[in-house]
Amino acid sequence: MKFDNSYAQLPERFFAGIEPSRVPSPALFAWNADLARELGLDALGDDACRAGYFSGNVPLPGAQPIALAYAGHQFGNFVPQLGDGRAVLLGEVIRAADGQRFDLQLKGSGQTPFSRRGDGKSSLGPVVREYLVSEAMHRLGVPTTRALAAVTTGETVLREARLPGGVLTRVAASHIRVGTFEYFAARRDAEAVRLLLEHAVARHYPDIADAEPLAPAFLGRVVERQAALVAQWMSLGFIHGVMNTDNTAVSGQTIDYGPCAFLDTFEVDKVFSSIDQFGRYAYDQQAAIAQWNLARLADSLLLPGGEQADFEAELGRFAGLFERHYLDLMRRKLGLDGVEADDWGLVTAWLQHLQDNALDYTLSFRDLAATLGGQGEGRFGEFERRWRRRIADDGVSPAHRRAQMDAVNPLYIPRNHLVERAIDAAVGGDFSVFHSLHRVLQAPFTEQPDGAAFASPPEPHEVVEMTFCGT
Ligand code: AMP
Ligand code: MG
């Protein structure tokens, strides 16, 4: 393996060099062999070797560990300094297949100069959650950071209770956030904003490297990626839960799986996060919030100079792009061929039907497709009649439409109660639930012989009403 640490070549004010803390007895409980192979990390020895490397105990040859500086708007309030308080960037690896660069980051590896009053550690629960949900999102086709490895540390961390500690190795296109730009903009450091912009463009949008002016072109690209990303979240019933600007990656990947959740029954303004008192990051607020976050990126990019109108034009594209992506995805999920004027109305009617009848968001799409095979015909009432009129004469056979719908409507998602179950077992030392859930989530669209228990919505006593941040 070979590291090429371009972020560490940026000026010193971008990061702090650190050594990960040592942990008493690291043990690897998850290793992403496919991803390791993809990144050329498959020759790192046995599980014990990997546990050493991915707990921070043993330095990886060529790694240059740093904690990144960033700021962020948290729930609308600006915090001028956040930074990697419980994470360390080991370095960047290049994927041989296409030359793409990826960050390798340890999360939960001890204190850094950005830890403030935190211990820099992670308990096992958030490690299990991020591993399961980020890998599931990847298999669902959503741009996301990924999980390479997970270890238990043999250490006890103090949270609401004494909990086992863990470290997750996260793989990301980069860890550059909207909040990274805000960090330098807040310090009136126009030179740093410019350097970060050039770095981010070289890394994520090399095709616009020669654009003049560069900043609005970059903003435009981030607008496009975020619009597409949030549309995918919404189509899957995913709620990020903490869409602070420090959790918004300019690469367009989903990052930070804290109080995130998937809808079971459809509720358009659903909130799970215990700290989201006013529903700022509710399911149906996510597009508006992404746009707000992009406006904070625009503010920061304006510091080195530029025409305000250019930035406004790029920001102004968000709503239209989001709606187009979302409607396209929903057409596919509902098996609608082509484009008709009232498709938006049909989507709305579907969501209204789900909400009025407290139906499961994910499974209802599969159930709707099953009516094409005669199973449960008529169960979706007036909506179903309208839907049948829409699909009546497009020449697509029922069997073909059903197959097309099933190919985009997952049967298995990391439901909140399943993730909780995996966490509870893991904290008790039993990783079998984690492993079987993880395996099923690797093929979310394909019915699996032993998958039934993982497809069902929660029983009333299993419903998760509230989720918590990983801290
Ligand atoms: P998050 O809510 O995970 O996006 O984290 C927000 C900020 O809090 C980031 O700057 C984190 O590095 C920091 N943070 C969260 N948990 C800890 C912890 N246990 N120790 C130190 N810093 C933390
Ligand atoms: Mg974060």
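Each ligand, and each atom within it, is numbered from 1 in the order the structure gives. These numbers come from a predicted model, not from an experiment.
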Under a 3.5 Å threshold, yes or no: a donor from one side chain and an acceptor from the other, between His138 and Arg146?
yes
Is a side-chain donor or acceptor of His438 paired with a backbone partner of Ala136 at a separation under 3.5 angstrom?
no
Check: Cys469 N/O within less than 3.5 Å of ligand 1 N/O:
no
Any N/O/S atom of Asn247 sitting less than 2.8 Å from the Mg ion (ligand 2), backbone or side chain?
yes
Measure from atom 13 (C) of ligand 1 to every heavy atom in Arg177, Arg116, Gln111 and give the option owning the shortest one.
Arg116
Report the relative orientation of the aromatic rings in Phe54 and Trp31; use parallel for angles under 30°, tilted for 30 to 60°, perpendicular for over 60°.
tilted
One finds that the ligand 1 atoms under 4.0 Å from a non-hydrogen atom of Gly120 are 18 (C), 19 (N), 20 (N), 21 (C)
For ligand 1, which atoms, with element, lie under 4.0 Å from some heavy atom of Gly118?
20 (N), 21 (C)
With a 6.0 Å cut-off on the ring centroids, do Phe266 and Tyr283 count as close?
yes
Taking only non-hydrogen atoms of Asp246 and a 4.0 Å limit, the atoms of ligand 1 in range are 4 (O)
Within ligand 1, which atoms have a heavy atom of Asn247 less than 4.0 Å away?
4 (O)
Geometric cation-pi criterion Arg177 and Tyr70, 6.0 Å radius, 45° cone
yes
Just say parallel, tilted or perpendicular for the rings of Phe181 and Phe218, cut-offs at 30° and 60°.
tilted
Under 4.0 Å from any heavy atom of Ser115, which atoms of ligand 1 are there?
21 (C), 22 (N)
Decide whether an N or O pair under 3.5 Å exists between Leu82 and ligand 1.
no
Quick one: does Ile423's side chain get under 4.5 Å of Arg129's, heavy atoms only?
yes
Heavy atom of Arg159 under 4.0 Å from ligand 1?
yes
Provide the number and element of each atom of ligand 1 under 4.0 Å from a heavy atom of Asp256.
1 (P), 3 (O), 4 (O)
For Arg117 and ligand 1, answer yes if some heavy atom of the residue is under 4.0 Å from a ligand atom, otherwise no.
no
Does a side-chain N-to-carboxylate-O contact under 4.0 Å join Glu465 and Lys270?
yes
Should you measure from each heavy atom of Gly85, which atoms of ligand 1 turn up under 4.0 Å away?
12 (O), 20 (N), 21 (C), 22 (N)
For the 3.5 Å polar cut-off, considering only N or O atoms, please tell me whether Gln74 and ligand 1 meet it.
no
If we number the atoms of ligand 1 from 1 as shown, the ones under 4.0 Å from a heavy atom of Tyr70 are 9 (C), 10 (O)
Show your working on side-chain contact (heavy atoms from CB on, under 4.5 Å) between Leu302 and Gln308 and close with a plain yes or no.
CA-CA 7 Å; Leu302 259 167; Gln308 179 129 11; 4.3 Å; yes
Closest N/O/S atom of Asp256 to the Mg ion (ligand 2), by atom name?
OD2
Only heavy atoms count here, so choose which of Lys107, Arg86, Gln81 is nearest to atom 2 (O) of ligand 1.
Arg86
Hey, can you tell me if Phe14 and Tyr7 have their rings parallel, tilted or perpendicular (30° and 60° cut-offs)?
perpendicular
Does a donor on one side chain and an acceptor on the other come within less than 3.5 Å for His240 and Thr254?
no
Looking at ligand 1, is there an atom of it that comes within less than 4.0 Å of some heavy atom belonging to Gly83?
yes
